[in-house]
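Contents: one structure, followed by commentary.
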Amino acid sequence: MRIERVELHTIGMPLVRPFETSFGRQTERDVLLAHVVGDGVDGWGECVAGTTPDYSSEYVAGCAAIIERFLVPALLAASDVTADGLDELFAGVIGHRMAKATLEAAVLDAELRSTGTSFGERLGAVRDRVECGVSVGISPDIETLLEEVDGYVEAGYRRIKLKIKPGWDLEPVARVRERIGTLPLQVDANTAYTLDHVDHLRRLDEYGLLLIEQPFVEEDIAAHALLADSIDTPVCLDESITSTGIAIDAIQRGATSIVNIKPGRVGGYLEAVSIHDACRALDVPVWCGGMLETGIGRAMNIALAALPGFALPGDTSASSRYFAEDLTEPFVLDDGYLAVPTGPGSGVTVRTELVERWAVAEPRVFTRS
Ligand code: OSB
Ligand code: MG
């Protein structure tokens with residue numbers, strides 16, 4: 001398609017529960033949205049980067065800068081843009097995968113809307129609904145944690161994930177395990193540990209966890225392989241997995257036996273499918289991570305999570321887990337599942353009045369010169 005116009009919107013969406021970052025608590029989710037228009041159709045994509053660079057080196061304002069200065073000019077200069085061709089079109093920009101993924105999502109959405117194809121059909125979904133888990137942040141105390149977990153169990157979530165860090169691991173895990181019985185449970189350390197903690201982490205083995213996610217820094221594949229050798233709980237990488245090649249390498253080196261796939265982290269949905277395919281060929285199960293997405297990214301993630309290799313419940317929670325009001329029609333949990341959207345593109349409709357109401361800056365508009 002010929003892209004005529006790209007709009008970038010930055011909004012602040014009120015969260016129902018504050019989100020902890022190393023820069024402090026956030027009560028709003030800052031979201032950068034890309035809206036592309038061309039060939040009589042339009043598409044939306046959202047950026048998964050956070051306000052601050054604490055999950056990865058990317059962050060909202062940095063993504064906006066890369067998109068404005070380098071990626072949008074490339075899109076508007078091309079005579080024919082396809083989602084499949086974006087890798088090559090953006091090849092001059094090294095890294096910045098979350099920024100690239102934002103535009104990929106918008107272009108895919110527009111492309112699929114023009115042919116009446118859904119994300120699920122395009123990506124290769126084999127299910128019409130996906131099993132959902134929920135990610136639970138570090139709580140001020142155990143009682144608050146148990147209350148929050150009780151609410152999610154009551155809502156029907158099929159797997160609980162607890163964030164852990166040194167000083168907040170064995171006790172919360174033991175107490176939650178006791179509380180939820182045999183409901184699947186896993187933990188996510190977001191790089192909070194070092195190799196000095198191996199003996200300590202081994203003590204998690206007695207709680208029958210599905211997996212431990214990203215205990216060590218992103219770059220240290222070798223440390224994860226060492227841990228995987230000395231612990232029964234499967235090791236799963238999140239932050240470290242930024243491409244298909246790195247996924248294959250980490251699997252072959254014994255650093256990860258389950259992979260968390262987040263489309264934004266790997267540069268988009270097409271790369272996410274490629275990682276899924278590679279993992280499947282190596283018999284490694286995958287699951288869909290989350291980045292507090294609005295209904296736009298959530299719709300696309302649910303389509304992805306319906307691919308055959310997504311063997312574990314994802315952090316694909318209902319809209320109400322995050323927002324009192326979502327940017328699209330809300331995703332509502334039904335018996336622990338979310339339905340895969342079937343309409344063209346993402347299958348959801350962006351409520352543009354909310355994009356306006358929650359705007360934190362004037363939209364930036366780019367057109368062909
Ligand atoms: O590590 O999976 C993570 C949120 C932001 C950044 C990193 C992570 C997360 C989550 C929340 O765990 C998952 C979600 O419910 O979207
Ligand atoms: Mg994680």
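Counting starts at 1 for both ligands and their atoms, in listed order. If you're wondering where the values come from, they're calculated on a predicted model, not measured in any experiment.
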For this session: Could you tell me if the ring centre of H9 sits under 6.0 Å from that of W44?
Result: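 When the ring centroids of H9 and W44 are compared, they turn out to be within the sub-6.0 Å range.
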Exercise. Are the aromatic rings of Y193 and F216 close, with centres under 6.0 Å apart?
Worked result: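 Not close enough - the centres of the two rings lie 6.0 Å or further apart.
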For this session: Give a yes or no on whether E239 keeps an N, O or S atom under 2.8 Å from the Mg ion (ligand 2).
Result: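 No, outside the cut-off.
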For this session: Output yes if D315 passes the N/O/S-under-2.8 Å test against the Mg ion (ligand 2); output no otherwise.
Result: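 Looking at D315, which is the residue asked about, there is no N, O or S atom under 2.8 Å from the Mg ion (ligand 2).
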Exercise. For ligand 1, does V134 get within less than 4.0 Å through its side chain, its backbone, both, or neither, judged by non-hydrogen atoms?
Worked result: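 The answer is neither.
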Exercise. Which one holds for R321 and ligand 1: side chain close, backbone close, both close, or neither close, with close meaning a heavy atom under 4.0 Å?
Worked result: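 Within the 4.0 Å criterion, R321 makes no contact with ligand 1.
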For this session: Select the closest option to atom 11 (C) of ligand 1 among S135, G297, C288, judged by heavy-atom distance.
Result: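 Considering heavy atoms of S135, G297, C288, the nearest to atom 11 (C) of ligand 1 sits in S135.
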Exercise. Within 45° of the six-membered ring axis of W358 and under 6.0 Å from that ring's centre, is NZ or CZ of R29 located there?
Worked result: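 No, R29 does not sit over the ring of W358.
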Problem set entry | Ring-face cation of R177 near Y207 (centre distance under 6.0 Å, axis angle within 45°) |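 Cation-pi check for R177 and Y207: fails.
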For this session: Begin with the C-alpha distance, continue with both residues' side-chain angles, and end with the deciding distance and a verdict on side chain to side chain contact (heavy atoms under 4.5 Å, CB included) for V136 and K163.
Result: CA-CA 6 Å; V136 185; K163 295 280 187 166; over 6 Å; no
For [atom], closest protein heavy-atom neighbour:
atom: atom 15 (O) of ligand 1; result: Y322 OH, 2.6 Å
atom: atom 13 (C) of ligand 1; result: G290 O, 3.4 Å
atom: atom 5 (C) of ligand 1; result: F19 CZ, 3.4 Å

Problem set entry | K262 neighbourhood, listing ligand 1 atoms whose heavy-atom distance to it stays under 4.0 Å |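 Close to K262: 1 (O), 2 (O), 3 (C), 7 (C), 8 (C).
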Problem set entry | Ligand-residue contact atoms, ligand 1 with E213, heavy atoms, under 4.0 Å |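 With E213 as reference, the close atoms of ligand 1 come out as 2 (O).
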For this session: Determine, for D335 against R158, whether the closest basic-nitrogen to carboxylate-oxygen distance falls under 4.0 angstrom.
Result: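 A salt bridge is present here (some side-chain N lies under 4.0 Å from a carboxylate O).
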For this session: Answer yes when R2 and D80 have at least one side-chain N-carboxylate O distance shorter than 4.0 Å, and no when they do not.
Result: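 Not counted as a salt bridge, because no side-chain N and carboxylate O are separated by less than 4.0 Å.
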What N/O/S atom of [X] is the closest to the Mg ion (ligand 2)?
X: D188; result: OD2
X: D238; result: OD2
X: E213; result: OE2

Exercise. Applying a strict 4.0 Å limit to heavy atoms, is Q214 in contact with ligand 1?
Worked result: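 The answer is no: ligand 1 sits nowhere under 4.0 Å from a heavy atom of Q214.
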